[in-house]
Protein chains: 2
Amino acid sequence: MSNISIKDIAAKAQVSTATVSYVLNGTRNVKQVTRERVLQVIEEMNYKPNNAAQSLKRRRTNTIGVIAEDVTVFNVPEIIDGINDCADRLDMHILLTNLRLDKRIGRSFDDMDTYRQYAENAVSELLSKQVEGIIYIGVHPRDLTGLCDTDGKPIVYTYSYTENDPSIQYDDEQASYEAMRYLIDHGHSRIAIISGVMDSIPSRLRFNGFYKAVTEFQLPFDPLLIKMGDWEAESGYRLTKELLSLPEPPTAILSMNDVMAVGVLRAASEMSVSIPEQLSLIGFDNREFSEYLMPRITTMDLPLHEIGYQAMEALSRILQGEEAGISPKPMCRLIERDSVAPPKR
Amino acid sequence: MSNISIKDIAAKAQVSTATVSYVLNGTRNVKQVTRERVLQVIEEMNYKPNNAAQSLKRRRTNTIGVIAEDVTVFNVPEIIDGINDCADRLDMHILLTNLRLDKRIGRSFDDMDTYRQYAENAVSELLSKQVEGIIYIGVHPRDLTGLCDTDGKPIVYTYSYTENDPSIQYDDEQASYEAMRYLIDHGHSRIAIISGVMDSIPSRLRFNGFYKAVTEFQLPFDPLLIKMGDWEAESGYRLTKELLSLPEPPTAILSMNDVMAVGVLRAASEMSVSIPEQLSLIGFDNREFSEYLMPRITTMDLPLHEIGYQAMEALSRILQGEEAGISPKPMCRLIERDSVAPPKR
DNA sequence: CCCTTTTATTTAAACGTTTAGATTTCTTAT
DNA sequence: ATAAGAAATCTAAACGTTTAAATAAAAGGG
């Protein structure tokens with residue numbers, strides 16, 4: 001049970017505490033022989049520097065806070081993993097705060113009072129722990145700006161649904177543009193889109209990409225093919241039924257997430273429309289299950305690790321006093337599987 | 001940009017630093033009027049105690065370390081959420097260390113040297129941060145015992161594949177026993193089991209539960225119905241093909257995880273065996289996708305939040321000097337869906 | 001061999017708290 | 001009014017490091 005301090009090491013190695021500190025940090029020359037003696041003693045006594053004392057004196061903690069709205073949301077762990085990966089390289093540490101918002105206030109995004117309370121607590125806690133900056137992983141349309149005083153400590157947002165600055169996002173618009181191109185390359189022109197809730201930025205960006213492809217490739221723009229979902233499977237199911245009942249149904253559907261794509265699958269199956277023969281389908285997110293469905297669905301993989309990594313990099317840059325810097329948005333990647341084929345004619 | 005210390009507060013409120021500390025911690029009587037004055041100043045200056053200084057002086061950090069072999073493994077975030085939930089209540093903080101083992105050494109569980117290196121680093125880091133104890137979330141057959149010196153700090157294992165002490169696990173044996181009962185209640189007697197890799201404790205425990213039910217309900221024990229999988233979908237697929245090709249195929253399959261159950265589904269579909277009419281199926285894990293498959297599969301939900309919570313509770317008890325205590329293992333819960341029906345006769 | 005320069009080591013203050021023990025101030029009983 | 005006791009406040013040391021500044025030891029140069 002250790003309370004071995006630098007003093008104990010100094011005493012046993014017959015040097016001053018300063019010398020021990022110098023060998024530990026390499027901040028000054030130490031004669032080879034004494035260095036070895038000190039290291040030897042450190043090893044013997046299994047000494048570990050007291051981080052609290054170090055931070056106090058150095059006035060640097062090498063620690064950043066990560067606030068996650070909810071760690072159990074599917075994409076959050078990957079992002080944390082990315083932050084972690086980068087933090088390791090920068091010799092930084094992470095203090096994780098899980099707001100547990102999904103558990104605590106569920107889907108009532110407008111319960112701003114409760115949100116504020118939890119958010120303030122979290123920030124206050126982190127500041128007290130002397131974090132040098134904060135990364136905020138949002139999963140819903142809300143954020144910290146104006147909510148609480150971070151005492152000058154920088155915040156970087158990632159995976160946030162709202163527009164913050166600085167904020168690290170992947171390129172949603174390009175992603176849905178690419179998905180469209182893939183469908184078009186396969187010969188589709190009557191393509192429907194099922195969106196997520198429209199108050200979220202990703203929905204809007206993905207819609208932009210869709211629209212860009214429609215105009216660029218001069219597809220007929222039919223408002224009947226634009227459906228507003230809510231990210232849940234049920235909406236994919238319902239809207240697909242509507243789409244397939246159209247006098248002139250689409251030959252392909254772009255679903256803004258894999259969960260709604262499950263609903264598409266179900267509706268198609270019930271209506272005996274086979275995928276991909278009679279209807280092509282592309283999803284978003286590359287959720288694990290997208291590979292387990294029948295057919296395995298083609299989907300857009302999100303660079304989650306990457307945005308976590310970049311968020312940490314950006315924060316680090318800000319901490320060095322540099323500008324956050326605008327690195328190009330990481331790209332999504334199409335995972336080709338079995339849910340797309342040329343349209344039947 | 002804050003470097004407001006207790007001294008600044010003391011000066012502005014015209015009291016000594018001791019008094020400020022007393023109002024902050026309530027450790028001594030302070031006259032109502034001075035207390036208010038001090039609190040006022042604290043509020044005004046937005047003062048946050050410096051945690052490093054506090055820990056240094058108090059010699060308590062109220063912080064525990066959590067070491068996760070890999071946070072991106074599906075069940076880990078739920079467990080962390082449970083730890084978090086309990087820690088909040090106990091006013092404890094969590095320092096998360098992600099070994100990133102799946103990324104770094106993949107499936108080579110026997111690469112003990114690399115493992116040791118990462119593990120030692122992690123522990124060393126945490127000890128330096130003065131954590132009071134450690135929770136280790138394992139996902140593979142290996143652990144920390146004998147690997148590195150934790151300097152007397154207690155470790156609690158959870159979700160670990162090996163036998164450690166103290167270790168918080170849910171009741172795997174009971175779970176598979178219950179699953180069997182459910183099948184038996186539905187009229188099945190010729191029940192096959194597809195196991196995970198047999199060097200993992202959960203596999204063995206689940207097998208025990210299976211076997212207990214077989215003997216207790218006097219089912220014919222047929223070795224041909226016992227198949228060794230490896231947790232992956234491919235093995236579920238292959239073994240199901242074998243099972244369904246038997247002269248006397250089973251009427252139900254118990255798969256030790258949902259991923260292998262996907263393979264079962266696929267094999268059955270290819271062989272035109274319909275589920276649940278001709279073959280019943282129960283999985284394990286209640287993975288999100290189990291609800292998205294067709295048919296939605298009946299599966300065992302794991303009390304992941306609960307074991308995280310209990311791990312934190314147990315660690316806290318140890319830190320109070322009490323015994324770890326053996327609370328009853330949390331139970332798994334059967335999620336009834338559409339993959340089980342009475343056998344066709 | 002002494003003086004100078006370089007290199008190695010030590011001394012002591014500081015970081016921002018907490019907390020015994022000392023001191024002051026306030027109450028209350030006489 | 002005063003002494004005694006209680007309540008409030010203050011003083012100062014300590015926690016385990018780091019780091020300027022001071023000092024000591026070693027190395028070079030003539």
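Computed from a predicted model, the values in this text were never measured in an experiment. Naming: A, B, ... by sequence-line order, numbering from 1 per chain. Values reported hereafter were calculated over all heavy atoms of this structure, with side chains retained and with hydrogens, waters and symmetry mates removed.
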Less than 4.0 angstrom between a side-chain N/O of [X] and OP1 or OP2 of [N], yes or no?
X     : N      : answer
B/T19 : D/dT9  : no
B/T34 : D/dT9  : yes
A/R59 : C/dC15 : no
A/Q54 : D/dG16 : no
A/N29 : C/dA8  : yes

Side chain of [X] (C-beta onward), nearest among [options]:
X     : options                : value
B/A18 : D/dG16, D/dC10, C/dT18 : D/dC10
B/K31 : C/dT17, D/dT17, D/dT9  : D/dT9
A/Y47 : C/dT10, C/dT18, D/dT17 : D/dT17

Check your understanding: Of B/V30 and B/L56, whose closest DNA chain D nucleotide lies nearer the 5' terminus?
Key ->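 Nearest-nucleotide comparison on DNA chain D picks B/V30.
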Distance-only donor-acceptor test (3.5 Å): side chain [X], base [N]:
X     : N      : value
B/R28 : D/dT9  : yes
B/Y22 : D/dA7  : no
B/K57 : C/dT17 : no

Just to be sure I understand the rule, does [X] reach a base, reach only the sugar-phosphate, or reach nothing, if contact means heavy atoms closer than 4.0 Å?
X     : value
B/N25 : sugar-phosphate
A/S55 : nothing
B/S21 : base
B/S5  : sugar-phosphate

Just how far, in rounded Å, is [atom2] of [N] from [atom1] of [X]?
X      : N      : atom1 : atom2 : answer
A/R58  : D/dC15 : CZ    : P     : 20 Å
A/K129 : C/dG16 : NZ    : C1'   : 16 Å
A/K7   : D/dT18 : NZ    : C1'   : 13 Å
A/Q130 : C/dG16 : CD    : P     : 9 Å
B/L24  : C/dT17 : CG    : P     : 9 Å
A/N62  : D/dT17 : CG    : C1'   : 15 Å
A/Q32  : C/dA8  : CD    : C1'   : 13 Å
B/I9   : C/dT18 : CD1   : C1'   : 16 Å

**Study point:** Identified salt bridge (charged side-chain N to carboxylate O under 4.0 Å, His left out) partner of A/E132 from the options A/R60, A/R58, A/K153, A/R59
**Key:**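 Result for salt bridge (charged side-chain N to carboxylate O under 4.0 Å, His left out) with A/E132: A/R60.
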Check your understanding: Which value, rounded to the nearest 0.5 Å, describes the distance between B/I83 atom CD1 and B/I135 atom CD1?
Key ->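 Those atoms lie 4.0 Å apart.
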Check your understanding: Does CD in A/Q320 sit with more than 12 non-hydrogen atoms of other residues, nucleotides or ligands closer than 6.0 Å?
Key ->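 Result for CD/A/Q320: enclosed.
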Review point. Does atom NZ of B/K103 have more than 12 heavy-atom neighbours from other groups under 6.0 Å away?
Key: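 Atom NZ in B/K103 is packed in, count exceeds 12.
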Review point. With distance as the sole criterion, is a donor-acceptor pair present between the side chains of B/D8 and B/Y47 under 3.5 Å?
Key: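 Side chains of B/D8 and B/Y47: no pair found under 3.5 Å.
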Review point. So, B/Y115 versus B/R104: side-chain donor-acceptor pair below 3.5 Å or not?
Key: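 Their side chains do not contain a donor-acceptor pair, so the 3.5 Å distance test is not met.
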Review point. Out of B/L96, B/L95, B/N98, which one pairs with A/L96 under the side chain to side chain contact (heavy atoms under 4.5 Å, CB included) rule?
Key: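 With A/L96 as partner, side chain to side chain contact (heavy atoms under 4.5 Å, CB included) holds for just one option, B/L96.
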Exercise for review: For a side chain to side chain contact (heavy atoms under 4.5 Å, CB included) with A/L304, tell me which candidate from A/I79, A/D81, A/T158 qualifies.
Suggested key: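 The passing option is A/I79.
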**Study point:** SB check B/K12 B/E44 (cutoff 4.0 Å)
**Key:**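 A salt bridge links B/K12 with B/E44.
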Check your understanding: End-to-end bend of the helix from C/dC1-D/dG30 to C/dT30-D/dA1 (five-pair axes, 10° rounding)?
Key ->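 Comparing the axis at each end, I get an angle of 40°.
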